[in-house]
S.K.: 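Quick one: the structure is below, and I'll ask about it shortly.
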Amino acid sequence: MCGIAGIINADKYAGEANIIKMLAQIEHRGNNNYEYQVFDGAVLGTNRLAIVDREHAKQPIVSEDGRYAIAYNGEIYNYKTIKNKLIKEGYKFFTDSDTETLLAGYIKWGAKVLDEVVGMYGFVIYDTKNKSFFAARDIIGVKPLYYAENKKGEIYFASEMKELAILPDVKEIKELAPGHYFENSLQPKKYFELKRKRIYSDEDFVVKKLRELFDNAVKIRVDTDLPVGVQVSGGVDSTAVLATAIKYHKNVTAIIVGAEGAEDPIYAERYCKENNIKYIKQIEPIEKWQEHWNELIEQAIYTGESIEPNPIRNMPMNMIASRLAKKAGINIVLLGEGADELCAGYPEFREELDMDVVEKKILKFVGDLHRTQIQRVDRASMFYTVENRTPFFDRDFVEFALQIDPQLFLKKMEDGQVQEKYVLRQAVKDRLPEYVYNRPKLAFNAGTGMGSNGPDHNSQTFIEEKYSEEEYAKDQIALAKKIKFFNINTKIETYLLKRCVENGYDKAKFMKNRVAANAKNIPNQKKF
């Protein structure tokens, strides 16, 4: 896990200076910083968070013949299987790292290596012989990958926008879409597509298969000699991750955060105590949490790189949980993110009777993840040099979930209420108490005591209170063109846009395509 920087078609001296500038913006993403190398026509660098083969996997890793080099951010969970396959083919390894395995796989199979790997990644490979490059991003976009090209034809790659925003010759920041790759040009090629197909409707089969896939997804994500944390809310998703993680790893710690009296910490702590699970917590009066929020929100805006209110107002709680993990010496933390999007877990799904609309919503929410919940947890965790792992984004799990008849996710119960994520709840029912697997969905911040995800959320209230009407009116005039371009329609969005402009993130023009969570607030935004 790292933060990467790369420059293709680079001038030798200017390239080295720029790679250092870029890596300086993301020092937080690694504990081994400024690992870079200058090649003929390229510079690759990383700030490396050492997880796999911590002593020998310095980046960029270069092939034995010196032809290929890789800068890589992510984790390949099946790298040992791939490595053994390549050893049988005669490849000689010098490290036990997933980075070298990914590079070797590319040398052997080219772009087809993306069909072999299971994991999260954003990486760049440079061919010093042909002066060509290959770059790719995982299927959901768990790991970020941004790029830009200047007038001289230099191509930049980065893990965060801020690396590119500081470069004067970068006029527009672009994002490589999940499930896509570049092969010696900036014409993206798709290797994975999110599709909904109603193939599986037998409840017993679906429950059994979901359980099997979920168990494996957690198992491969805790295959490490390092201690593992699980951020747990006491809801079905994160508690299922915790209950499964302790089956496959001997040193698991639950991480619990929230305000005194809030539902999430009460349920999470109860579950841990009843099952003798080690946990650390930060549970304080709501007034204290408001102080934390006020302290962290501006950092969250800078770190989060978004004009979307939802991920920004959720970030401080993730930052606090990551900070708690870091203090405890835990660098790997599992999360329950993704289940609500894949398995129709949000409250609005309960109100929808048209299954065609449900399917469209699922695809839209999942397709937006790389700019909403995934971006939030990546930036929040990596700010404290902590790696988040998300079992629900496992490729096999994702592909199967997208083939389940949506009626199995939304079950009408005896009391007439519709239970969301029904078959998923049934799949993990074997390891959870009734008060967890039947617990209704509660928004993350509401559960932790910080208000809903709407205008009454404490962080949003804080922003709007300090953002005076006079300042807001001035900014509406000063930023009028950008407000129109980025489809800005509320006071908090205007404030976030203002900060993005100050940080140079408005170079990311792709943000004009707003996410589904804000569709009802955006004029002319496509509805479901």
Side-chain angles (χ1 to χ4, degrees), residues 1-23 30 32-76 79-80 82-114 116-117 119 121-137 145 147 152-159 181-186:
M1 182 63 66
C2 313
I4 69 169
I7 309 174
I8 309 297
N9 303 327
D11 174 86
K12 181 177 181 181
Y13 299 105
E16 183 173 9
N18 280 334
I19 214 81
I20 292 171
K21 288 179 184 177
M22 293 169 70
L23 293 174
N32 293 273
N33 290 339
Y34 299 100
E35 296 182 349
Y36 72 89
Q37 190 167 340
V38 179
F39 303 94
D40 183 12
V43 189
L44 300 180
T46 64
N47 291 330
R48 180 169 57 98
L49 172 54
I51 298 292
V52 180
D53 196 359
R54 295 180 288 278
E55 292 184 8
H56 305 110
K58 181 179 178 180
Q59 291 196 44
I61 283 183
V62 180
S63 60
E64 183 181 13
D65 61 4
R67 177 174 174 177
Y68 299 97
I70 182 171
Y72 157 69
N73 169 31
E75 296 291 341
I76 304 300
Y79 85 93
K80 292 179 181 178
I82 296 173
K83 180 180 178 181
N84 288 334
K85 186 185 297 187
L86 291 167
I87 288 174
K88 292 178 181 178
E89 295 284 342
Y91 190 93
K92 182 180 179 182
F93 284 88
F94 297 92
T95 72
D96 186 32
S97 71
D98 56 338
T99 309
E100 186 183 10
T101 302
L102 181 58
L103 177 62
Y106 172 75
I107 294 170
K108 178 66 178 178
W109 299 305
K112 292 187 180 299
V113 69
L114 301 174
E116 298 283 336
V117 296
Y121 47 84
F123 67 89
V124 181
I125 292 173
Y126 183 63
D127 180 342
T128 63
K129 180 180 178 181
N130 293 334
K131 305 292 189 297
S132 61
F133 67 91
F134 182 86
R137 191 177 185 191
L145 191 59
Y147 67 98
K152 295 188 295 183
E154 292 175 314
I155 298 170
Y156 299 94
F157 289 102
S159 291
Y181 67 90
F182 290 132
E183 195 164 33
N184 202 34
S185 81
L186 294 182

S.K.: Would you indicate whether the side-chain heavy atoms of F157 and F182 approach each other to under 4.5 Å?
M.R.: yes

S.K.: Looking at side-chain heavy atoms only, is the closest gap between D11 and K152 below 4.5 Å?
M.R.: no

S.K.: Restricting to non-hydrogen atoms, name the atom on E100 and the atom on I61 that form the minimum distance, rounded to 0.1 Å.
M.R.: N-CD1, 3.8 Å

S.K.: Determine whether a donor-acceptor pair (N or O, by modelled atom type, separation under 3.5 Å) exists between the side chain of E16 and the backbone of V38.
M.R.: no

S.K.: Can L103 and Y72 be said to form a side-chain contact (heavy atoms from CB on, under 4.5 Å), step by step?
M.R.: CA-CA 9 Å; L103 177 62; Y72 157 69; over 6 Å; no

S.K.: Looking at side-chain heavy atoms only, is the closest gap between P60 and Y126 below 4.5 Å?
M.R.: no

S.K.: Can you confirm whether L86 sits close enough to W109 that some side-chain heavy atom of one is under 4.5 Å from a side-chain heavy atom of the other?
M.R.: yes

S.K.: With a 3.5 Å distance limit and no angle check, can you tell me whether D127 reaches the backbone of Y68 through a side-chain donor-acceptor pair?
M.R.: no

S.K.: In Å and rounded to the nearest 0.5 Å, what is the OH to CG distance from Y79 to L102?
M.R.: 13.0 Å

S.K.: Treating N73 as the side-chain partner and G3 as the backbone partner, does any N or O pair qualify as donor plus acceptor under 3.5 Å?
M.R.: no

S.K.: I need the minimum non-hydrogen distance between A136 and Y181, along with the two atoms involved.
M.R.: CB-CB, 3.7 Å

S.K.: How long is the span from the OG atom in S185 to the CZ atom in F133, to the nearest 0.5 Å?
M.R.: 6.0 Å

S.K.: Side-chain contact test, heavy atoms from C-beta onward, threshold under 4.5 Å: evaluate it for L145 versus Y121 and give yes or no.
M.R.: no

S.K.: So which heavy atom on Y34 is nearest to which on N47, and how close?
M.R.: N-OD1, 2.9 Å

S.K.: Please say whether more than 12 non-hydrogen atoms of neighbouring residues, nucleotides or ligands are located less than 6.0 Å from NZ in K112.
M.R.: no

S.K.: Regarding K108 and the six-membered ring of Y91, is the cationic atom NZ or CZ under 6.0 Å from the ring centre and inside 45° of its axis?
M.R.: no

S.K.: For atom CG of D65, is the number of surrounding heavy atoms from other residues, nucleotides or ligands below 6.0 Å larger than 12?
M.R.: yes

S.K.: Do F134 and L114 make a side-chain contact, defined as non-hydrogen atoms from C-beta onward lying under 4.5 Å apart?
M.R.: yes

S.K.: Looking at every heavy atom in both G74 and D98, which two are closest together, and how far apart are they?
M.R.: O-OD2, 3.9 Å

S.K.: Apply side-chain contact (heavy atoms from CB on, under 4.5 Å) to residues R67 and N130 and explain how you reach the verdict.
M.R.: CA-CA 9 Å; R67 177 174 174 177; N130 293 334; 2.9 Å; yes

S.K.: Are the side chains of N9 and K131 in touch, meaning some heavy atoms are under 4.5 Å apart?
M.R.: no

S.K.: Donor-acceptor pair, T46 side chain versus I4 backbone, under 3.5 Å?
M.R.: no

S.K.: Is the backbone of I70 close enough, under 3.5 Å, to the side chain of T99 for a donor and an acceptor to pair up by distance?
M.R.: no

S.K.: Could you report the tightest heavy-atom contact between T95 and S97, atom names first, then the distance?
M.R.: OG1-OG, 2.8 Å

S.K.: Roughly how far, to the nearest 0.5 Å, is the CD1 atom of I82 from the CD1 atom of I76?
M.R.: 6.5 Å

S.K.: Could you report the tightest heavy-atom contact between L44 and A69, atom names first, then the distance?
M.R.: CD1-O, 3.7 Å

